[in-house]
K.L.:
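Let me begin by handing over the structure; questions about it come next.
Atoms considered below: every heavy atom in the structure, side chains included; atoms not considered: hydrogens, waters and symmetry mates. It should be emphasised that the depicted structure is a prediction, and the values quoted were computed from it without experimental measurement.
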Amino acid sequence: MDTKLSLEVNEVLAAGKTHFNLSVPQLVEAAIRKGEATLTESGALRAETGKYTGRSPKDKFIVDEPSVHDKIAWGSVNQPIDAAKFDKLYQDVLEYLNGKELFVFDGFAGANETYRLPIRVINEYAWHNLFVHQLFVRPTQEELKSHVAGFTVIAAPGFEARPSVHGTNSETFIIVSFSKKTVIIGGTKYAGEMKKSIFSVMNYLLPERQVMPMHCSSNVGEKGDVALFFGLSGTGKTTLSADPARRLIGDDEHGWSDLGVFNIEGGCYAKCINLSEEKEPQIWNAIRFGSVLENVVVDEQTRIPDYDNGSLTENTRAAYPVDFIPGAMIPGEAGHPQVIVFLTADAFGVLPPISKLTKEQAMYHFLSGYTSKLAGTERGVTEPEATFSTCFGAPFLPLQPSVYAEMLGENISKHNAQVYLVNTGWSGGPYGIGKRMNLNYTRAMVTAAVNGSLKEAEYVNDPIFGLAVPQAVEGVPSEVLLPRNTWENKEAYDQKAKELASRFVKNFTKFEGVAKEIAEAGPKAE
């Protein structure tokens with residue numbers, strides 16, 4: 001941050017009662033004292049985010065500055081905002097916070113010491129500060145002594161922007177200034193905005209250092225074999241990477257350097273709608289003192305969470321440190337991936353539950369990023385919507401998609417990684433008719449991919465999507481593997497499959513200059 005702005009922030013921090021790097025118990029006490037949150041039966045802190053229970057992508061901006069103007073992929077995802085508008089909003093946020101009780105966290109984004117980014121997060125809410133304390137990489141006391149923030153996040157949920165004055169689209173704003181190394185957030189209590197804003201920053205900074213940033217989870221087996229799981233919110237990244245037989249590296253954000261894979265975060269942010277101890281024991285047991293529950297309905301008397309209750313939102317969340325998962329890798333670093341899994345929640349119900357991809361198909365599907373937005377993950381999404389999210393993370397990627405895709409292709413070739421496409425969406429029909437893919441079947445398929453047993457399996461070719469589908473997977477009924485077999489009305493399946501194929505083809509036309517072999521690796525619309 002430049003000197004002038006830095007002095008202004010320090011003046012604000014000095015003006016009120018500011019708490020620096022409080023411990024977990026102190027933050028829990030502060031959140032309860034301030035009436036921001038309550039304790040649940042397990043000891044987890046529970047808070048509501050009010051009006052907005054998911055991300056606000058239409059309210060996210062990047063300041064259009066000379067240093068980044070020619071690098072950013074401007075558009076509906078990376079919306080520009082004028083530097084003067086940002087400065088006005090920034091000053092108004094500081095004025096709003098001046099004299100308030102504030103909470104400051106100093107830590108890192110990135111488990112690898114070579115590539116990590118020192119960050120400072122300034123919060124109006126104590127429970128937000130607990131959230132970032134658990135979600136980012138926590139420094140040692142020795143590291144705190146020399147900590148200097150490379151990026152600062154200022155989160156003021158109680159401050160609402162005025163679009164006519166500040167140049168925003170609504171009262172909500174999430175704005176990144178790369179020249180000032182600052183993020184300002186306001187008008188929303190949804191804690192995920194803080195985590196994703198720093199991820200967006202890392203998606204800009206890491207490629208400059210020849211590191212591929214990835215919206216994925218990651219785990220490692222006893223033999224050091226690393227697996228990556230790409231996918232948007234709700235596709236199963238957290239659930240499938242939390243495998244008792246493997247060690248968790250991280251559940252959402254990673255970098256892939258010449259040294260291997262490292263976690264960008266220090267915690268997990270798991271969806272917990274319909275959470276059960278039987279199906280997801282590791283996540284269930286991680287929800288204890290120090291964890292934060294977001295928008296989970298809780299019985300006022302017993303303080304027992306009702307994870308099946310989506311009356312506030314389907315996007316209920318649990319945030320906890322990665323070391324709450326037994327055997328997690330601390331620090332979150334490991335070698336190069338041998339297996340890469342693309343997760344998609346296909347609301348059409350026509351994609352195979354698992355298929356093996358060539359390198360060209362991997363590049364095609366990475367650029368396409370097909371999935372369904374699931375209810376609650378974004379404002380206004382109330383049921384699954386088919387969408388294409390480039391590189392399985394378009395909302396967080398400031399640079400051109402080709403930058404990330406080329407890095408992926410190079411890494412697949414260099415490290416001979418096997419790539420699979422896994423559909424965790426619907427089977428037997430589209431959303432509303434079919435059923436969500438059986439989690440036990442998905443786990444069995446992922447296990448077969450990760451342990452290498454699918455590498456030499458016998459495959460059949462899907463005629464519409466061109467995907468290699470295994471004929472048998474241990475623990476999975478054979479008819480499930482070919483989605484057409486699960487539909488009662490085969491003609492309806494054919495029609496839906498062709499409809500989705502056409503969407504793939506239409507979407508891919510926006511990628512100009514893509515190598516012919518990649519462009520031809522997708523579904524056939526005819």
Side-chain angles (χ1 to χ4, degrees), residues 203 207 211-219 225-232 235-237 240-241 254-256 260-261 335-346 351-371 388-394 397 399-425 442 445-446 448-450 452 454-457 459-462 464-470 500-501 503-505 507-508 510-511 513-524:
N203 277 310
V211 177
M212 181 186 176
M214 305 176 294
H215 187 212
C216 71
S217 59
S218 180
N219 61 26
D225 53 306
V226 175
L228 302 180
F229 302 83
F230 284 86
L232 286 190
T235 55
K237 292 193 313 298
L240 293 169
S241 58
H254 291 81
W256 189 352
V261 169
H336 296 287
Q338 286 79 54
V339 173
I340 298 171
V341 176
F342 294 160
L343 299 169
T344 179
D346 174 29
L351 283 180
I354 189 166
S355 50
K356 185 178 176 182
L357 306 182
T358 64
K359 174 189 167 182
E360 290 72 27
Q361 286 177 323
M363 300 277 285
Y364 181 96
H365 283 277
F366 186 65
L367 281 168
S368 298
Y370 169 68
T371 191
F388 291 90
S389 183
T390 306
C391 306
F392 294 102
L397 305 181
L399 305 177
Q400 294 293 340
S402 59
V403 173
Y404 309 102
E406 287 170 10
M407 296 183 90
L408 176 70
E410 290 170 6
N411 282 339
I412 289 173
S413 295
K414 189 185 298 184
H415 304 290
N416 194 30
Q418 301 294 307
V419 187
Y420 297 90
L421 180 66
V422 172
N423 174 21
T424 63
T442 300
M445 289 182 277
V446 168
V450 170
L454 280 188
K455 191 174 181 180
E456 304 302 331
Y459 288 84
V460 294
N461 189 64
D462 183 291
I464 294 176
F465 297 103
L467 300 169
V469 181
L500 179 57
R503 292 198 184 198
F504 267 100
V505 172
N507 174 73
F508 209 79
K510 66 187 178 186
F511 300 113
V514 174
K516 183 180 179 182
E517 60 269 22
I518 296 172
E520 293 179 348
K524 302 295 183 284

K.L.:
Would you check, one step at a time, whether the test side-chain contact (heavy atoms from CB on, under 4.5 Å) holds for L454 with Y459?
P.N.:
CA-CA 9 Å; L454 280 188; Y459 288 84; 3.6 Å; yes
K.L.:
Can you confirm whether more than 12 heavy atoms, excluding those of K510, are under 6.0 Å from its NZ atom?
P.N.:
yes
K.L.:
Can you tell me how far apart OG (S368) and CZ (R503) are? Round to the nearest 0.5 Å.
P.N.:
13.5 Å
K.L.:
Can you tell me how far the CD atom of Q361 sits from the CG atom of L467, to the nearest 0.5 Å?
P.N.:
5.5 Å
K.L.:
Can you tell me how far the CG atom of L367 sits from the CG atom of N507, to the nearest 0.5 Å?
P.N.:
9.5 Å
K.L.:
Between F392 and H365, does the ring centre distance come in under 6.0 Å?
P.N.:
no
K.L.:
Using every non-hydrogen atom in the two residues, find where D462 and I464 come nearest and quote the distance to one decimal.
P.N.:
OD1-N, 3.0 Å
K.L.:
Evaluate the side-chain proximity of L228 to W256: yes if any heavy-atom separation is below 4.5 Å, no if none is.
P.N.:
yes
K.L.:
Any heavy-atom pair between the side chains of F342 and S355 that's under 4.5 Å?
P.N.:
no
K.L.:
Where do P207 and Y404 come nearest, in terms of heavy atoms and distance?
P.N.:
CG-CE2, 4.0 Å
K.L.:
I'd like to check T424 versus L240 (side-chain heavy atoms, cut-off strictly below 4.5 Å). Are they in contact?
P.N.:
yes
K.L.:
Nearest 0.5 angstrom please: N411 CG to N416 CG, how far?
P.N.:
12.5 Å
K.L.:
Measuring from K414:NZ to H336:NE2, what's the distance to the nearest 0.5 Å?
P.N.:
7.5 Å
K.L.:
Do the side chains of F511 and I518 get nearer than 4.5 Å, heavy atoms only?
P.N.:
no
K.L.:
Quick one: does N423's side chain have a donor or acceptor within less than 3.5 Å of a partner on D346's backbone?
P.N.:
yes
K.L.:
List the atom of V226, the atom of G335, and the distance in Å for their closest heavy-atom pair.
P.N.:
CG2-O, 3.6 Å
K.L.:
For residues V339 and A449, report the shortest heavy-atom separation together with the two atoms involved.
P.N.:
CG2-O, 3.5 Å
K.L.:
Look at the side chain of K356 and the backbone N and O of P470, then say whether any donor-acceptor pair between them is shorter than 3.5 Å.
P.N.:
no
K.L.:
Within the distance-only criterion (no hydrogens, no angle test), does the side chain of H254 pair as donor or acceptor with the backbone N or O of C216 below 3.5 angstrom?
P.N.:
yes
K.L.:
Which atoms form the tightest heavy-atom contact between A394 and S389, and what is the distance?
P.N.:
N-OG, 3.0 Å
K.L.:
Could you tell me whether the side chain of I340 reaches within less than 4.5 Å of the side chain of L408, counting heavy atoms only?
P.N.:
yes
K.L.:
Check for me whether the distance between the ring centres of F388 and F508 falls short of 6.0 Å.
P.N.:
no
K.L.:
Can you give me the closest heavy-atom contact between Y364 and A519, atom names plus distance?
P.N.:
CE1-O, 3.8 Å
K.L.:
Side chains of V422 and M445: closer than 4.5 Å at any heavy-atom pair?
P.N.:
no
K.L.:
Say whether, by atom type as modelled, one donor and one acceptor occur between the side chain of K524 and the main chain of G522 under 3.5 angstrom.
P.N.:
yes
K.L.:
Does the side-chain contact (heavy atoms from CB on, under 4.5 Å) test come out yes or no for H215 and K237, once each step is laid out?
P.N.:
CA-CA 9 Å; H215 187 212; K237 292 193 313 298; 3.7 Å; yes
K.L.:
Just wondering, do D225 and V450 contact through their side chains at under 4.5 Å, heavy atoms?
P.N.:
yes
K.L.:
Could you give the distance from CE (M214) to CG (L397), rounded to the nearest 0.5 Å?
P.N.:
12.5 Å
K.L.:
Just so I know, are the side chains of Y370 and L500 near enough to count as touching, which here means a heavy-atom distance under 4.5 Å?
P.N.:
yes
